[in-house]
There are 2 protein chains.
Amino acid sequence: MIPFRVVFQPGVPLYEQVAFAAKKAIVSGQLRPGDPFPSVRALSAEFKINPNTAHKVTGALLDEGLLEVRPGLGAVVADRPVSTAAERTRLLNREIEQLVVEAKRLRLSLDDVSAALDRHWSKLDSPQEAKR
Amino acid sequence: MIPFRVVFQPGVPLYEQVAFAAKKAIVSGQLRPGDPFPSVRALSAEFKINPNTAHKVTGALLDEGLLEVRPGLGAVVADRPVSTAAERTRLLNREIEQLVVEAKRLRLSLDDVSAALDRHWSKLDSPQEAKR
DNA sequence: ACATGTGTACTATGTCACACCATACACATG
DNA sequence: CATGTGTATGGTGTGACATAGTACACATGT
């Protein structure tokens, strides 16, 4: 069985949404290094998407270093996703700046954002359901 | 003179980048409620973009409630951007979740992200240059 | 040896966002 | 009346996205 679910939203590329769901599963430990990743055809059947679109999902995760491919066998979760200093600063600048601007536009307080950050962080620490 | 600058990045829509730069200027107080917003043709000339693209910029800011239009006169910065509860939860869930997933992928600590959040927050509080 | 399942590679079609060009109109101000 | 504003309308080109279909090299099962 495929260890993650997706509820498709309009306006966002399908392959991106599936890749993000998979990334969440990996990051949160539901898929661990060495675990087999669902095949292109399995993803295609499960999410009712074209095999080419499913292939784009694994391709995206491959580019990010989250998966490794065993030719003829399939893809497995990579041992240790590498990260460069450039990637870190890119994330910490562009993405957080966007978040701050949006939060200030909505007149949120820093405490509100910080609390939400803590909540989501611990939510992805262990595979337990968060309270609403 | 136009009170904000843009360094265009490939892969991101032009109108979105200009709108984000303007939003930053408004949120950080460099453009205050009642101030006149650059005209479509001024934006077009300044950033070397098509008038239609420039018009899409003001249209996007208009939809977000950051601008108001005086017919025949131009657009001015709106008095008080409204924010619905739906907008807040959308931001605090989808956008922060994305940030957390990316941060965990890059093996960053919560402290790192939290520190970057504080830094960007105060950076947009007053129009002073942040130290690098 | 053979069938099966895997990743991967092509070609092709259709839709849509994006950015451009150009023109035109209604409005308010000088 | 001319000028500058926002707004609307056509058209063109490029690229991403998702689809369909076909094909190949590889490894593993029997």
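Just so it is clear: chains get the letters A, B, ... in the order the sequence lines come, proteins before strands, and each one is counted from 1.
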Go through it in stages, so that I can follow the logic: the residues are A/Ile49 and A/Phe8, the test is side-chain contact (heavy atoms from CB on, under 4.5 Å), and I'd like the CA-CA distance, side-chain angles, deciding distance and then a yes or no. CA-CA 11 Å; A/Ile49 58 178; A/Phe8 288 115; 4.3 Å; yes
All pairs passing ring-ring contact (aromatic ring centres under 6.0 Å, His included) where residues 77-106 of chain B contributes a residue, at least two apart: none
Going by atom types only, do A/Asp111 and A/Ser114 share a side-chain donor-acceptor pair under 3.5 Å?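 No.
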Side chain to side chain donor-acceptor pair (under 3.5 Å) against B/Ser83, all qualifying residues, sequence neighbours excluded: B/Arg88
Can you sort out the partners of B/Lys23 under side chain to side chain donor-acceptor pair (under 3.5 Å), two or more places apart, ordered by chain and number? A/Glu102, B/Glu64
Among residues 54-63 of chain B, which contact DNA chain C at a heavy-atom distance under 4.0 Å?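 Close to the strand are B/Lys56.
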Pairs satisfying side chain to side chain donor-acceptor pair (under 3.5 Å), at least one member in residues 34-53 of chain B, at least two apart: none
Would one find a side-chain N or O of B/Ser39 under 4.0 angstrom from OP1 or OP2 of D/dT5?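 Yes.
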C/dA19, OP1 or OP2 - any side-chain N/O from B/Tyr15 closer than 4.0 Å? no
Residue pairs passing the salt bridge (Lys or Arg N to Asp or Glu O under 4.0 Å) test with at least one member in residues 68-79 of chain B, sequence neighbours excluded, are B/Glu68-B/Arg70
Quickly work out the [X] [atom1] to [N] [atom2] distance and round it to whole Å.
X	N	atom1	atom2	value
A/Arg70	D/dT28	CZ	C1'	16 Å
A/Phe8	D/dT19	CZ	C1'	14 Å
B/Leu43	D/dT7	CG	P	12 Å

Kindly write out the residues that satisfy ring pair (Phe, Tyr, Trp, His ring centres under 6.0 Å) with B/Phe47, not counting sequence neighbours, or none if the list is empty. B/Phe4
A correct dot-bracket answer for DNA chain C, with pairs being Watson-Crick or G-U at under 3.5 Å, [ ] for crossing pairs and | for inter-strand pairs, is ||||||||||||||||||||||||||||||
Throw together a table of side-chain donor-acceptor distances under 3.5 angstrom for residues 10-18 of chain B, partners on residues two or more places apart or in other chains.
| from | atom 1 | to | atom 2 | distance (Å) |
| --- | --- | --- | --- | --- |
| B/Gln17 | OE1 | B/Gln9 | N | 2.9 |
| B/Gln17 | NE2 | B/Gln9 | O | 2.8 |
| B/Gln17 | NE2 | B/Val12 | O | 2.7 |

Side chain to side chain contact (heavy atoms under 4.5 Å, CB included) partners for B/His55, two or more places apart: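 B/His55 satisfies side chain to side chain contact (heavy atoms under 4.5 Å, CB included) with B/Val40, B/Thr58 only.
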Partners passing salt bridge (charged side-chain N to carboxylate O under 4.0 Å, His left out) against A/Glu95 (at least two apart in sequence or in another chain): none
Distances under 3.5 Å between nitrogen or oxygen atoms of protein and nucleotides 20-27 of chain C:
| from | atom 1 | to | atom 2 | distance (Å) |
| --- | --- | --- | --- | --- |
| C/dC20 | OP2 | B/Asn50 | N | 3.1 |
| C/dC20 | OP2 | B/Thr53 | OG1 | 2.8 |
| C/dC21 | OP2 | B/Asn50 | ND2 | 3.0 |
| C/dC21 | N4 | B/Asn52 | ND2 | 2.3 |
| C/dA22 | N6 | B/Asn52 | OD1 | 3.4 |
| C/dA22 | N6 | B/Asn52 | ND2 | 3.0 |

